[in-house]
Amino acid sequence: MKVVKFDKSVELVLASIGAAQSFYLSLHSFFEKKKNFKDFLLSAFFFTITLRIVKSIFWVYFDTTPNWFLNLGFIAHSAFGPLLLLYVFYYLYDVKWSHLSFLHFLPSIVLLAFVNQLTASNFWYLGGYKLLLYHQLIYSLLSIVLIVFKFPKKHKFSLSKKEIIWLSILVFGTFLLQVSYFSNYVLGLTPYLLGPIIYGVFIYFLSFFLIKNPQVLQKFKRHKKYQNINISKEDLYIVAAKIELLMVNEKLFLAADFNVKQLAIKLNQPVYLISHVVNKAFSKNFSEYINTYRIKEAQHMLLDKAYKNIKISSIAYESGFNSLSSFNIAFKKITGTTPSSFKNSLSDL
């Protein structure tokens, strides 16, 4: 096998940094407040990658590493692909844990049973390692497919942009790690420790994103207060469609005092159910959801020549906001620019 052509001390530091940061994220996920099984999946995922990288470091730099520890690294490698796929699946589809999911870890369990017997010469170099690499590459590809091709259209509102970025970084970063190991052993194209070093860069970028956007780990906790509401997905999206229809046809949001209670009365539904539907179907609280329509209305006014000489403050009130400051904050949050900048950009066209 090839070894990265760096100074050995630099190589060791770069790979070790990735392992250390991965271990930190494992602890972070494990001790997440109000954690559930999805947090455990994420914690186990980062922990198994930590073991895999540490195994790689020991294999390169320490000739006296015991065989059982090297096998633990391989076993960890066999587990982090399934852990990632299951985490992505349960992140996208907010469903209960299925005991059938344990079947994904049968190869890891079998390998663990022979942790003291397997050696490089009697198993791994006789096709075991190659089979492991193909096995994991398939899981990484399935995770990508799950995000890119298999995400149901009716769930298009269930993820925020930041949540999509979080999953994408996680999946494609891990894919690079899997490809690096595969390319090294199966194709003979890349150095052995290239994967851990690339992963070290990726994991710090991922950590930075997580620090800036901790809410991406809170997806599973958002609707906890509604967890006892008994409504099917079909009925939920029927109610959501009725809400959308009211917003488009009657523009109830234009009233500054419009609230969830008024909407519930309009639909002849309890307030808690309407709040649940808005949270679940659109991944927004009621205020955020209403403001989305108000900002769209304001944009239409800014685009309309009839409003060319109308002050922005007047447009803010006409679109349903009760203050200019709340309008400016909502406009910037939703569009990424200020109302005045948006208006000026139109005049340049």
Side-chain angles (χ1 to χ4, degrees), residues 22-23 25-52 71-116 118 128 131-152 154-155 158-159 163 166-167 170-171 174-175 177-178 216-237 276 279-281 283:
S22 187
F23 183 63
L25 287 181
S26 175
L27 293 177
H28 183 277
S29 303
F30 184 81
F31 290 107
E32 176 74 13
K33 292 181 179 179
K34 300 179 182 179
K35 58 180 172 290
N36 55 32
F37 74 91
K38 296 147 191 174
D39 296 306
F40 284 117
L41 284 174
L42 187 62
S43 177
F45 165 74
F46 284 122
F47 183 71
T48 53
I49 289 187
T50 302
L51 278 180
R52 179 60 175 99
N71 284 332
L72 279 181
F74 285 123
I75 294 168
H77 194 157
S78 71
F80 72 74
L83 285 167
L84 177 63
L85 179 66
L86 290 173
Y87 176 76
V88 171
F89 174 79
Y90 285 111
Y91 197 105
L92 293 176
Y93 304 89
D94 195 8
V95 295
K96 294 181 179 180
W97 171 263
S98 170
H99 293 302
L100 292 176
S101 297
F102 284 116
L103 294 176
H104 290 278
F105 303 104
L106 279 179
S108 303
I109 295 171
V110 172
L111 290 174
L112 186 60
F114 294 96
V115 68
N116 289 315
L118 300 178
L131 183 62
L132 171 65
L133 294 174
Y134 275 105
H135 174 258
Q136 291 302 294
L137 191 60
I138 289 172
Y139 268 98
S140 284
L141 290 172
L142 286 175
S143 298
I144 293 174
V145 167
L146 192 59
I147 291 178
V148 177
F149 298 108
K150 297 300 182 181
F151 188 63
K154 69 178 183 179
H155 287 79
S158 65
L159 286 184
E163 287 166 343
W166 160 253
L167 286 182
L170 193 63
V171 169
T174 307
F175 177 70
L177 178 63
Q178 298 280 27
V216 296
L217 292 186
Q218 300 299 316
K219 173 179 171 63
F220 316 121
K221 291 91 176 177
R222 285 183 195 154
H223 316 302
K224 189 172 182 180
K225 62 182 178 180
Y226 306 118
Q227 62 186 1
N228 294 322
I229 295 177
N230 185 20
I231 181 173
S232 67
K233 286 187 177 181
E234 182 180 357
D235 289 338
L236 185 144
Y237 284 101
H276 171 67
N279 274 268
K280 196 75 173 177
S283 286

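Keep in mind the model is a prediction, meaning the values are calculated, not measured.
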**OP:** Nearest 0.5 Å please: distance from the CD1 atom of Ile49 over to the CG atom of Leu25.
**Re:** 10.0 Å
**OP:** Let me see the working for Phe80 and Arg52 under side chain to side chain contact (heavy atoms under 4.5 Å, CB included), right down to the final yes or no.
**Re:** CA-CA 9 Å; Phe80 72 74; Arg52 179 60 175 99; 4.1 Å; yes
Original post:
Just by distance, do the side chain of Asp39 and the backbone of Asn36 share a donor-acceptor pair under 3.5 Å?
Top reply: yes
**OP:** List the steps and the verdict of side chain to side chain contact (heavy atoms under 4.5 Å, CB included) for Asn71 and Phe74.
**Re:** CA-CA 5 Å; Asn71 284 332; Phe74 285 123; 4.2 Å; yes
Subject >> Residues which pass ring-ring contact (aromatic ring centres under 6.0 Å, His included) with Phe45, listed by chain and number, not counting sequence neighbours >> reply: none
**OP:** With sequence neighbours left out, write down each residue that passes side-chain contact (heavy atoms from CB on, under 4.5 Å) with Leu51, or none if nothing qualifies.
**Re:** Phe47, Ala76
Subject >> Phe37: which of Tyr87, Tyr90, Phe30, Phe102 passes ring pair (Phe, Tyr, Trp, His ring centres under 6.0 Å) >> reply: Tyr90
Original post:
OG1 of Thr48 to CG of Leu84: how many Å apart, nearest 0.5 Å?
Top reply: 9.5 Å
Original post:
Mind checking whether Trp97 and Phe40 have ring centres under 6.0 Å apart?
Top reply: no
Subject >> Shortest non-hydrogen contact between Leu236 and Lys280, atoms and distance >> reply: CD1-CG, 3.5 Å
Indicate every side-chain donor-acceptor pair of residues 103-115 with a distance under 3.5 Å to a residue at least two apart or in another chain.
| residue | atom | partner | partner atom | Å |
| --- | --- | --- | --- | --- |
| His104 | ND1 | Tyr139 | OH | 2.8 |
| Ser108 | OG | Ser78 | OG | 2.7 |

Subject >> By side-chain hydrogen bond (donor to acceptor under 3.5 Å, both in side chains) - contacts of Ser29 (at least two apart) >> reply: none
Original post:
How would you list, by chain and number, every residue that makes a ring-ring contact (aromatic ring centres under 6.0 Å, His included) with Phe175, sequence neighbours excluded?
Top reply: none
**OP:** Could you grab the distance from atom CG of Leu142 to atom CG of Leu137, nearest 0.5 Å is fine?
**Re:** 10.0 Å
Original post:
Does Val216 reach the side chain of Tyr91, with side-chain heavy atoms less than 4.5 Å apart?
Top reply: yes
Original post:
For Leu92 and Leu167, what are the C-alpha separation, side-chain angles and deciding distance, and is it a side chain to side chain contact (heavy atoms under 4.5 Å, CB included)?
Top reply: CA-CA 9 Å; Leu92 293 176; Leu167 286 182; 3.8 Å; yes
Subject >> Counterpart residues, side-chain hydrogen bond (donor to acceptor under 3.5 Å, both in side chains), relative to Gln178 (two or more places apart) >> reply: His77, Gln136
Original post:
Is a side-chain N or O of Ser26 found less than 3.5 angstrom from the main chain of Ser43, in a donor-acceptor match?
Top reply: yes
**OP:** Return the minimal non-hydrogen interatomic distance between Ser140 and Thr174, and the atom names on each side.
**Re:** OG-O, 4.4 Å
**OP:** Just do the side chain to side chain contact (heavy atoms under 4.5 Å, CB included) check on Leu42 and Leu170 with the steps written out, would you?
**Re:** CA-CA 10 Å; Leu42 187 62; Leu170 193 63; 4.1 Å; yes
